Amino acid sequence: GSSYQGGIVFYLDSLGGGLIAAPTDQSTGSEWGCYGNTISGANGTSFGTGAQNTIDIVNANCSPAWSGNSIAANICDTLTLGGYNDWFLPSRDELDAMYINLHQQGIGGFVLQPYWSSTEFSEFEAWKNNFHNGTQWGNPKSYSYWVRAIRTISIPINTDTTNSVMVSTSGWNYVTVTDSLGCTATDSVYVQINTSNTGSATVTACDAYSWDGMTYTTSGIYTNTYTN
């Protein structure tokens, strides 16, 4: 829910990547477009597919079923907001994450209406998410639904070691870190410290001496390391 690069963060992965939603709706009534036609490549459902879905829809040059209506993907593709112009219509799963992580938390100013995803369901339908109850299903592409654009972000991973801890005894250890968005997280690890012991002995033998499976025939200093 943090503000970042012109939008609201609603998804972060473990590699510093993520997604942000535009802070307001881009349309309160736009068609998906291309009713009766299948768009090759515009059926991606998972995270990371919304941008390509949008490109495929735009390249198909979809027309509305009703004259004068706008096309959801075109609105997102031509959007410039917060100094960025790489916005796109979210895929089915990206839209669902926006519903769960923003709308259900009271963030983003969404309305209790269906929102279009960029995922095609069939030649006549596309996936939508009803923000009244979170249901997802294919509805006719000619219907007019709400539109909220998203974009991909990349957040540098913090490699600062100032929060590192040096330990010398066994037990649980805790480290609290803060990322570039100001979010904090606490991690824990159990460390087992094994104590090392060092010993020495002087041995006098005639001809040869066997020690720990080895036979020595000359005088000298010999060492052996054991792991407990």
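Just so it is clear, the model here is predicted, and its values are computed rather than measured.
- Between Ile71 and Gly33 the shortest heavy-atom distance is CD1-CA, 3.6 Å.
- With hydrogens and angles ignored, the 3.5 Å screen pairs a side-chain donor or acceptor of Thr119 with a backbone N or O of Gly44.
- Between the side chains of Asn69 and Glu31, at least one donor N or O lies within less than 3.5 Å of an accepting N or O.
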Next item on the list: Run the numbers on Leu102 and Ile8 for side chain to side chain contact (heavy atoms under 4.5 Å, CB included), then give the verdict.
Entry: CA-CA 8 Å; Leu102 293 183; Ile8 308 169; 3.7 Å; yes

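- Across all their heavy atoms, Ile39 and Cys62 have their closest contact at CD1-SG, 3.5 Å.
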### Query
How far apart are the C-alpha atoms of Glu94 and Phe88, what are their side-chain angles, what is the distance that settles it, and do they pass the side chain to side chain contact (heavy atoms under 4.5 Å, CB included) test?
CA-CA 11 Å; Glu94 292 166 344; Phe88 56 91; 3.7 Å; yes

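- Each of Phe131, Trp116, Tyr115 was checked for a side-chain contact (heavy atoms from CB on, under 4.5 Å) with Arg148, and the lone residue meeting it is Tyr115.
- Rounding to the nearest 0.5 angstrom, the gap separating the CD atom in Gln26 from the CD1 atom in Ile75 is 8.0 Å.
- Between the Gln136 side chain and the Gly134 main chain, no donor and acceptor come within less than 3.5 Å of each other.
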Let me see the working for Val58 and Asn74 under side chain to side chain contact (heavy atoms under 4.5 Å, CB included), right down to the final yes or no. CA-CA 6 Å; Val58 171; Asn74 292 348; 3.5 Å; yes

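- Using a 4.5 Å heavy-atom cutoff, the side chains of Thr38 and Ser122 are not in contact.
- Counting heavy atoms of neighbouring residues, nucleotides and ligands inside a 6.0 Å radius, atom CZ of Phe47 exceeds 12 of them.
- Taking both residues in full, the closest heavy atoms of Leu89 and Thr54 are given as N-OG1, 3.0 Å, listed atom of the first, atom of the second, then distance.
- With Trp87 as the partner, the side-chain contact (heavy atoms from CB on, under 4.5 Å) test is satisfied by one option alone out of Leu79, Thr78, Thr152: Leu79.
- The distance from atom CG of Leu95 to atom CG of Leu19, rounded to the nearest 0.5 Å, is 11.5 Å.
- In this structure a side-chain-to-backbone donor-acceptor pair under 3.5 Å is missing from Asp93 to Asp96.
- A donor-acceptor pair shorter than 3.5 Å can be found between the side chains of Asp56 and Gln52.
- Taking 4.5 Å as the limit, every side-chain heavy atom of Glu120 sits out of range of all side-chain heavy atoms of Ile57.
- Rounded to the nearest 0.5 angstrom, Gln113 CD and Ser144 OG are separated by 12.0 Å.
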- Item | Working for side chain to side chain contact (heavy atoms under 4.5 Å, CB included), residues Phe110 and Met98 | CA-CA 10 Å; Phe110 296 92; Met98 194 157 55; 3.6 Å; yes

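- A donor-acceptor contact shorter than 3.5 Å is absent between the side chain of Asn53 and the backbone of Ser91.
- Atom CD1 of residue Ile20 and atom OG of residue Ser3 lie 9.0 Å apart, to the nearest 0.5 angstrom.
- Atom SG of residue Cys76 and atom CZ of residue Arg151 lie 13.0 Å apart, to the nearest 0.5 angstrom.
- Of all non-hydrogen atoms in Ser142 and Ala65, the two that sit nearest each other are CB-CB, 3.6 Å.
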Can Asn130 and Tyr99 be said to form a side-chain hydrogen bond (donor to acceptor under 3.5 Å, both in side chains), step by step? CA-CA 9 Å; Asn130 191 338; Tyr99 169 78; over 6 Å; no

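- The main-chain N or O of Glu123 is found under 3.5 Å from a side-chain atom of Lys141 such that the two form a donor-acceptor pair.
- Nearest approach of Gly7 to Pro23, heavy atoms of both residues: CA-CD, 4.2 Å.
- Under the 4.5 Å side-chain criterion, counting only non-hydrogen atoms from C-beta, Phe121 is not in contact with Asn139.
- One hydrophobic cluster, built from ILVMFWY side chains closer than 4.5 Å, holds both Phe10 and Val111.
- Between the side chain of Ser117 and the main chain of Trp127, a donor-acceptor pair closer than 3.5 Å is present.
- Using a distance-only test at 3.5 Å, with no hydrogens or angles considered, no donor-acceptor pair links the side chain of Asp25 to the main chain of Ser27.
- In this structure, the ring of Tyr145 has its center no less than 6.0 angstrom from the ring center of Trp32.
- In this structure, Ser63 OG and Tyr35 OH are separated by 15.0 Å, a value rounded to the nearest 0.5 Å.
- For the residue pair Ile100 and Gln105, the shortest heavy atom distance occurs at O-NE2, 3.0 Å.
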